[in-house]
Amino acid sequence: MLNALLFDLDGTLAETDSLHFQIWQDFLLDYGLVIDRAFYKAKISGRLNPDIMADLLPQLSLAEQNDFIERKEAAFRNSADALTPLAGVVEILNWAAEQNLKVAVVTNAPRENAQFMLNALHLQHRFLTVVLGDDLPMGKPSPLPYQEALRRLNVTAEETIAFEDSPSGLRSAVAANIFTVGIATTHDPEDLYRLGAGLVVPDFADERLIQLLNQRLIQRSSNVLTV
């Protein structure tokens, strides 16, 4: 049975990590921190900004950390006006609408970034439900954001599929007992499988994903998805 699809935002609906990495690299250099891709994947990707700051720049006051975050995210928004959805995203969403599936975004991105990205991707009208880690007592990797999405959509984990690209996101969705598809835009497929992904694909146009969605839909409809 399939009744809902839950999507992470950064790295899932669009490939944004290359831009985030460049901006984090530039900003942290001012504080004497030189980071590479491996460091970014391990310490930054998919995590809440306050947690990142507490780990990387604990010497800064809370006000200084907040100022850093605001400047960093503003730099991201100023550089991200040419974002495009990952391959297959629009087709998946069109099909989900035809099947009357419920959809939501579940993200650790700050509110302003989430709104900006959905507008830039022309997907804001697709997602009436957006769950922000910042609005909850705990963000990813806690299962709470995905549990909150299930609650808002009034669906069970068993009738839901989640899409995630980061370790923290995978841990969050899997801990909520949701079958999770890893999107390998930012991390190696093997790493995503080790974290509990049931399937890992490069994007939403992968035929293996299409087959999975159609199989899960069999109990609801015979209208299959083709991309």
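In what follows, every heavy atom counts, from backbone to side chain, and hydrogens, waters and symmetry copies are set aside.
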Student: Between Leu19 and Phe116, is there a shared hydrophobic cluster once you connect ILVMFWY residues whose side-chain heavy atoms come closer than 4.5 Å?
Tutor: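 In one cluster with Leu19: Phe116, yes.
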Student: Run the side-chain contact (heavy atoms from CB on, under 4.5 Å) test on Leu48 and Asp134 for me, step by step, so that the C-alpha distance in whole Å, both residues' side-chain angles and the decisive distance to 0.1 Å come before the verdict.
Tutor: CA-CA 8 Å; Leu48 287 171; Asp134 279 349; 3.4 Å; yes
Student: Inspect the surroundings of CG in Asp36 and state if more than 12 heavy atoms from other residues, nucleotides or ligands are less than 6.0 Å away.
Tutor: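 More than 12 heavy atoms, drawn from other residues, nucleotides or ligands, come within 6.0 Å of this atom.
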Student: Would a single hydrophobic cluster contain both Val90 and Trp95, if residues Ile, Leu, Val, Met, Phe, Trp and Tyr are joined by side-chain heavy-atom contacts under 4.5 Å?
Tutor: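 The answer is no; the residues belong to distinct hydrophobic clusters.
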Student: Could you see if Val181 belongs to whatever hydrophobic cluster contains Val200? Use Ile, Leu, Val, Met, Phe, Trp, Tyr and a side-chain cutoff under 4.5 Å.
Tutor: yes
Student: Evaluate the salt bridge (charged side-chain N to carboxylate O under 4.0 Å, His left out) criterion for residues Arg152 and Glu148: first the C-alpha distance (whole Å), next the side-chain angles of each, then the deciding distance (0.1 Å), finally the verdict.
Tutor: CA-CA 6 Å; Arg152 292 191 196 178; Glu148 175 65 12; 2.9 Å; yes
Student: Drop me the distance from Ile44's CD1 to Ser166's OG, to the nearest 0.5 angstrom.
Tutor: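 Interatomic distance, Ile44 CD1 to Ser166 OG, rounded to 0.5 Å: 13.0 Å.
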Student: Please check if the side chain of Asn108 supplies one atom and the backbone of Gly46 the other of a donor-acceptor pair under 3.5 Å.
Tutor: yes
Student: Is there a donor-acceptor contact under 3.5 Å linking the side chains of Ser45 and Asp17?
Tutor: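 There is such a pair (donor and acceptor under 3.5 Å, judged by atom type) between the side chains of Ser45 and Asp17.
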Student: Check whether Asp51 reaches the backbone of Arg47 with its side chain - one donor and one acceptor, N or O, closer than 3.5 Å.
Tutor: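 Flag not set: sc Asp51 to bb Arg47 has no pair under 3.5 Å.
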Student: Please name all residues satisfying side chain to side chain donor-acceptor pair (under 3.5 Å) with Asp188, sequence neighbours left out, ordered by chain then number.
Tutor: none
Student: Would Glu207 and Gln211 count as a side-chain contact (heavy atoms from CB on, under 4.5 Å) if you check the C-alpha gap in whole Å, the side-chain angles of each, and the deciding distance to 0.1 Å?
Tutor: CA-CA 6 Å; Glu207 184 60 32; Gln211 293 173 356; 3.7 Å; yes
Student: Report yes or no: does Gln25 contribute a side-chain atom to a donor-acceptor pair with the main-chain N or O of Ile35 at less than 3.5 Å?
Tutor: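 Confirmed, Gln25 side chain pairs with Ile35 backbone.
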Student: Are Leu212 and Phe7 co-members of a hydrophobic cluster defined by side-chain heavy atoms under 4.5 Å apart?
Tutor: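 Cluster IDs for Phe7 and Leu212 match.
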Student: Backbone N or O of Ala109 within a donor-acceptor pair of the Asn113 side chain at under 3.5 Å?
Tutor: no
Student: Which of these passes side chain to side chain donor-acceptor pair (under 3.5 Å) with Asn49: Lys72, Glu70, Glu73?
Tutor: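 Of the listed options, the one satisfying the test is Glu73.
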Student: Flag yes if Leu153 and Leu5 sit in one hydrophobic cluster, no otherwise; membership is Ile, Leu, Val, Met, Phe, Trp, Tyr, and two members link when side-chain heavy atoms are under 4.5 Å apart.
Tutor: no
Student: Report yes or no: does Glu159 contribute a side-chain atom to a donor-acceptor pair with the main-chain N or O of Thr156 at less than 3.5 Å?
Tutor: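 It does hold such a pair.
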Student: Assess whether salt bridge (charged side-chain N to carboxylate O under 4.0 Å, His left out) is satisfied between Glu164 and Lys140, documenting all intermediate values.
Tutor: CA-CA 11 Å; Glu164 275 286 355; Lys140 304 172 188 177; 2.6 Å; yes
Student: For atom CD of Glu112, is the number of surrounding heavy atoms from other residues, nucleotides or ligands below 6.0 Å larger than 12?
Tutor: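 It does not: Glu112 CD has 12 such atoms or fewer within range.
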Student: Can you run down the ring-ring contact (aromatic ring centres under 6.0 Å, His included) pairs that involve residues 15-35, sequence neighbours left out, and say none if there aren't any?
Tutor: His20-Phe76, Phe21-Tyr40, Trp24-Phe68, Phe27-Phe68, Tyr31-Phe68
Student: Compute whether any side-chain donor of one residue and acceptor of the other, for Arg126 and Asn94, lie under 3.5 angstrom apart.
Tutor: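 Side chains of Arg126 and Asn94: pair found under 3.5 Å.
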Student: Could you tell me whether a side-chain N or O of Gln65 sits under 3.5 Å from a main-chain N or O of Leu62, the two making a donor and an acceptor?
Tutor: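 Not confirmed, Gln65 side chain does not pair with Leu62 backbone.
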Student: Checking Thr160 against Phe179 for the side-chain contact (heavy atoms from CB on, under 4.5 Å) test, could you report, in this order, the C-alpha distance in whole Å, the side-chain angles of both residues, the deciding distance, and whether it holds?
Tutor: CA-CA 7 Å; Thr160 302; Phe179 183 94; over 6 Å; no
